[in-house]
Structure formats: C-alpha cells, structure tokens
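One structure below.
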Amino acid sequence: MTTPLVGWTDELARARLHFVTGKGGTGKTTLAAALGLALANGGRRVLLIEVEGRQGFAQLFDTEPLPYAELRVASAPGGGELRALHIDVEAALLEYFEMFYNLGFAGRTLRRMGAIEFATTLAPGLRDVLLTGKIKECVGRTESDGRHTYDAVVVDSPPTGRVVKFLDVTKALTDLAKTGPIRAQAEGVVRLLHSGETAVHLVTLLEEMPVRETVEAVAELDGADLRPGAVLVNRVRPPRLPARSVSPAADGRVDASRVRAGLSSAGIELPEATLEALVEETVEHAIGVAAEQRAREQLAEADLPTLELPDLTDGVDVAALYDLAEALIDQGVR
C-alpha cells in the first residue's frame with residue numbers, strides 16, 4: 001500500500017498561484033478562503049479570486065457582494081492581509097480591449113450592443129482565457145520597488161469535472177490566434193499555468209464519489225501537464241473507537257454485555273432499549289470509519305501531499321475560517 005505524503009512540501013511553498021478545485025459540495029470555496037488566510041500568515045499579502053460568479057467569498061467573510069475590484073476582506077496574524085476579487089467576464093473583456101487595443105470607449109459601446117455576450121457565446125473558450133488572463137496579471141503585477149503586489153494568489157476554481165478544461169483552454173486559443181496581443185497573452189498564461197509557480201489543490205471528503213473524482217482529476221491534470229498540488233481532506237471526524245475495534249464492530253460484533261459492564265463500572269446504568277441503540281450507533285460509526293480508511297488508501301494512490309481539516313459541527317463563519325487556517329499552518333502551509 002502507498003504511504004501518503006503528509007503536510008505541505010517545500011515545492012508547494014515555492015508556488016505563488018494556487019488553484020483550489022473539488023467535487024461540488026466538498027467545501028472547496030471554504031478551503032480556498034482558509035488557504036488564503038494561512039498563506040497570509042506572518043505579514044504576507046494574498047489575493048483570493050473567484051471565477052464562477054457565486055459570490056462565495058462575500059458570503060464567507062460576511063461582506064457585501066464583491067465588485068470587480070481587489071478589496072481587503074480579512075487580516076492575518078503577523079500583519080498579513082487578505083484581499084478578494086470577483087472577476088466579472090464582461091469587465092475583464094472591456095479591460096482587455098483597453099489594455100491591448102486602446103478601445104475603452106469602443107468596448108463600452110460593444111457592451112451596450114450586447115456584442116460581449118455574443119463574442120463569449122460564439123467562442124466559449126474566450127471566457128476562460130479572459131479569466132485566466134486576469135489571474136496571470138494579478139500574479140505578475142509588481143510595485144514600484146519591484147516586489148510582487150501579492151505574495152500568493154488563491155483561486156476558487158471550477159469543480160474537478162471542469163478544471164482541466166478551464167486551465168488548458170489557452171492552448172486551444174493559441175492555435176486559433178496566430179498573431180497579435182491575444183496570442184501573446186495566451187502564451188504567457190500557458191507558461192504560468194504549466195510552471196512550478198502554479199499548483200492545483202484538490203478538496204475531497206472521505207467518501208467514495210469525491211475520492212474517485214479526485215483520483216481521476218489527478219490523472220487528468222497529469223495528462224495535461226498541469227501540476228497537482230495537495231489533497232485537502234475536508235470534514236474529517238475523529239475516530240471514537242480504538243483502531244483494533246473498528247473491524248469487528250463494523251462486522252456487527254459488539255458485545256453488549258461488555259458495554260453494559262463498562263458503563264456500570266463508570267457508575268452509568270442504562271435501560272435495555274438505550275443500550276441497544278448505543279450498540280447500533282457503535283456499529284454504524286465503525287462502518288463509517290472503515291469506509292473512511294478505504295478512502296484514505298485510495299487517495300494514497302494519487303501520491304500527493306495530504307492535509308486534513310476537521311469537521312466543523314457548528315457550521316462555517318469567519319472565526320471557523322481562522323481555525324481552518326490554523327490547522328493548515330500546523331500542517332506546514334507557508
């Protein structure tokens with residue numbers, strides 16, 4: 001059996017662009033925000049970017065819907081700062097016209113005519129290249145002293161089923177655009193996304209479907225010459241049984257008389273019906289723990305660094321994001 005790598009590696013610490021993907025419902029937006037906070041620890045400046053139009057970061061940080069602007073949403077220990085950007089495709093296209101073709105006024109006219117929607121519908125890949133192009137601009141931007149504006153950029157990416165298409169669309173676009181600014185832009189995006197500066201992290205739960213989709217996504221990323229980063233295992237529950245007891249309990253072999261005796265020695269007497277319900281719950285818990293262990297073994301086949309985040313039974317608020325960030329820092333995120 002493959003032994004999973006645990007914790008953040010030195011190679012991941014050198015990355016500046018972090019995409020976070022995962023099957024829907026695994027908590028990828030939450031962990032993208034927590035990762036941003038963890039990376040901002042110690043005085044760094046980090047930018048969170050969302051590309052799917054869901055305003056997930058605004059909800060997590062309890063702010064107004066984010067405009068097409070980089071706004072401060074949180075601070076981190078040691079003087080770090082976390083900003084967030086919601087990329088609006090139409091605004092990005094207008095910005096693109098202005099930057100590369102000096103067509104700011106014409107772009108606004110195109111917007112009134114509905115030409116922007118027409119263009120992105122006619123060439124669906126254009127939408128993704130606009131998004132990744134803006135991401136590249138944020139990563140490469142520097143201040144007057146030559147220092148990067150952001151020490152790291154974290155992107156809440158499309159889910160695992162669509163993430164490779166999102167990240168690799170620029171290759172198709174370079175084939176279509178043979179010359180001009182759009183080709184140069186696409187080539188620059190390709191270089192960044194396929195470089196050591198970029199890592200694609202995968203969020204999963206210890207459940208069959210998310211784990212299977214995670215392993216498949218790792219293979220797809222490898223096939224596209226994109227760099228898988230870490231597996232972030234979300235909502236991990238602490239085991240409540242000794243390891244040696246899991247297998248027999250999962251098979252239904254729980255000795256009710258021993259449970260009764262143990263409770264009695266602790267001064268606890270339970271009605272027979274309550275004891276039976278407790279035994280049944282123990283079996284169900286053991287079955288779940290055994291399934292989670294099989295999921296861990298399957299994840300180990302991906303041969304990626306693995307970090308585990310606790311199950312937050314009280315839900316996710318800003319305080320919980322800091323707790324998750326602290327858990328990531330404890331596992332080496334820097």
Side-chain angles (χ1 to χ4, degrees), residues 1-9 11-13 15 17-36 38-39 48-52 54 56 60 128 132 154-169 193-194 196 198-239 287-312 316 324-325 327-328 331-333:
M1 183 182 73
T2 304
T3 301
L5 302 169
V6 178
W8 208 246
T9 64
E11 187 178 12
L12 291 177
L17 175 55
H18 302 265
F19 290 94
V20 180
T21 184
K23 180 176 170 60
T26 58
K28 69 179 179 67
T29 302
T30 298
L31 292 199
L35 178 60
L39 291 170
L48 294 174
I49 295 179
E50 61 179 358
V51 297
E52 294 188 281
R54 295 185 297 107
L60 283 172
D128 287 346
T132 52
V154 179
V155 183
D156 180 18
S157 309
T160 45
R162 294 195 294 109
V163 71
V164 171
K165 182 180 179 183
F166 171 71
L167 295 175
D168 220 26
V169 70
L193 298 188
H194 292 264
T198 300
V200 184
H201 309 295
L202 301 106
V203 178
T204 188
L205 307 177
L206 291 175
E207 298 173 3
E208 181 181 358
M209 287 297 293
V211 166
R212 183 188 307 162
E213 198 163 308
T214 296
V215 173
E216 290 173 352
V218 170
E220 195 176 357
L221 288 164
D222 284 335
D225 194 29
L226 293 161
R227 179 184 167 206
V231 175
L232 307 177
V233 184
N234 199 16
R235 301 175 196 159
V236 175
R237 299 172 299 176
I287 291 172
V289 171
E292 290 173 356
Q293 184 56 43
R294 291 192 296 272
R296 282 192 174 91
E297 292 171 2
Q298 189 176 357
L299 284 174
E301 296 173 10
D303 196 26
L304 293 175
T306 301
L307 291 76
E308 295 193 351
L309 288 305
D311 186 22
L312 302 176
V316 178
L324 290 172
L328 289 170
Q331 295 173 80
V333 172

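Heads up: numbering here begins at 1 and tracks the sequence.
- Separating the CG atom in Leu221 from the OG1 atom in Thr21 is a distance of 8.0 Å, to the nearest 0.5 Å.
- Shortest non-hydrogen contact noted between Gly25 and Leu205 is O-CD1, 4.2 Å.
- In this structure, CG on Leu328 lies 6.5 Å from CG on Leu232, to the nearest 0.5 angstrom.
- The two residues Ala199 and Ala15 come nearest to each other via the heavy atoms CB-CB, 4.3 Å.
- Summarising the geometry, atom CG belonging to Leu193 is positioned 6.0 Å from atom OG1 belonging to Thr132; distances are rounded to the nearest 0.5 Å.
- Counting all heavy atoms, side chain and backbone alike, Val203 lies closest to Gly27 at CG1-C, 4.2 Å.
- The CG atom of Leu309 lies 9.5 Å from the CG atom of Leu35; values are rounded to the nearest 0.5 Å.
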>> Apply side chain to side chain contact (heavy atoms under 4.5 Å, CB included) to residues Glu292 and Val233 and explain how you reach the verdict.
In response: CA-CA 11 Å; Glu292 290 173 356; Val233 184; over 6 Å; no

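- For the pair Leu12/Val333, no side-chain contact is recorded, criterion being any heavy-atom separation below 4.5 Å from C-beta on.
- Annotation: salt bridge (charged side-chain N to carboxylate O under 4.0 Å, His left out) contacts of Glu11 (sequence neighbours excluded): Arg227.
- The aromatic rings of His201 and Trp8 sit tilted relative to each other, their planes meeting at an angle between 30° and 60°.
- Under the salt bridge (charged side-chain N to carboxylate O under 4.0 Å, His left out) criterion, the residue pairs touching residues 198-211 are Glu208-Arg212, with sequence neighbours excluded.
- To the nearest 0.5 angstrom, Leu312 atom CG is 8.5 Å from Thr30 atom OG1.
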>> With side chain to side chain contact (heavy atoms under 4.5 Å, CB included) as the criterion, how do Leu206 and Leu299 come out once you've worked through the C-alpha distance, each side chain's angles and the decisive distance to 0.1 Å?
In response: CA-CA 9 Å; Leu206 291 175; Leu299 284 174; 4.1 Å; yes

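- Under a 3.5 Å cut-off, the side chain of Gln331 and the backbone N or O of Ala327 do form a donor-acceptor pair.
- Between Glu216 atom CD and Thr160 atom OG1 the span is 8.5 Å, to the nearest 0.5 Å.
- Judged as a side chain to side chain donor-acceptor pair (under 3.5 Å), and not counting sequence neighbours, the contacts of Asp156 are Lys28, Thr29, Arg54.
- The heavy-atom pair separating Gly36 from Val154 by the smallest distance is CA-CG2, 4.1 Å.
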>> Go through it in stages, so that I can follow the logic: the residues are Met209 and Thr26, the test is side chain to side chain contact (heavy atoms under 4.5 Å, CB included), and I'd like the CA-CA distance, side-chain angles, deciding distance and then a yes or no.
In response: CA-CA 11 Å; Met209 287 297 293; Thr26 58; over 6 Å; no

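- Taking every heavy atom of both residues into account, Ala32 and Leu48 meet most closely at O-CD2, 3.5 Å.
- Side-chain contact between Phe19 and Leu167 is present, with at least one heavy-atom pair separated by less than 4.5 Å.
- Here the side chains of Val164 and Val200 are not in contact, with every heavy-atom distance at 4.5 Å or above.
- Considering all non-hydrogen atoms of both residues, Pro159 and Gly24 come closest at CB-N, 4.5 Å.
- At a threshold of 4.5 Å between non-hydrogen side-chain atoms, the residues Pro310 and Leu324 count as touching.
- Under the 3.5 Å distance criterion, the side-chain polar atoms of Thr214 are matched with a main-chain donor or acceptor of Pro210.
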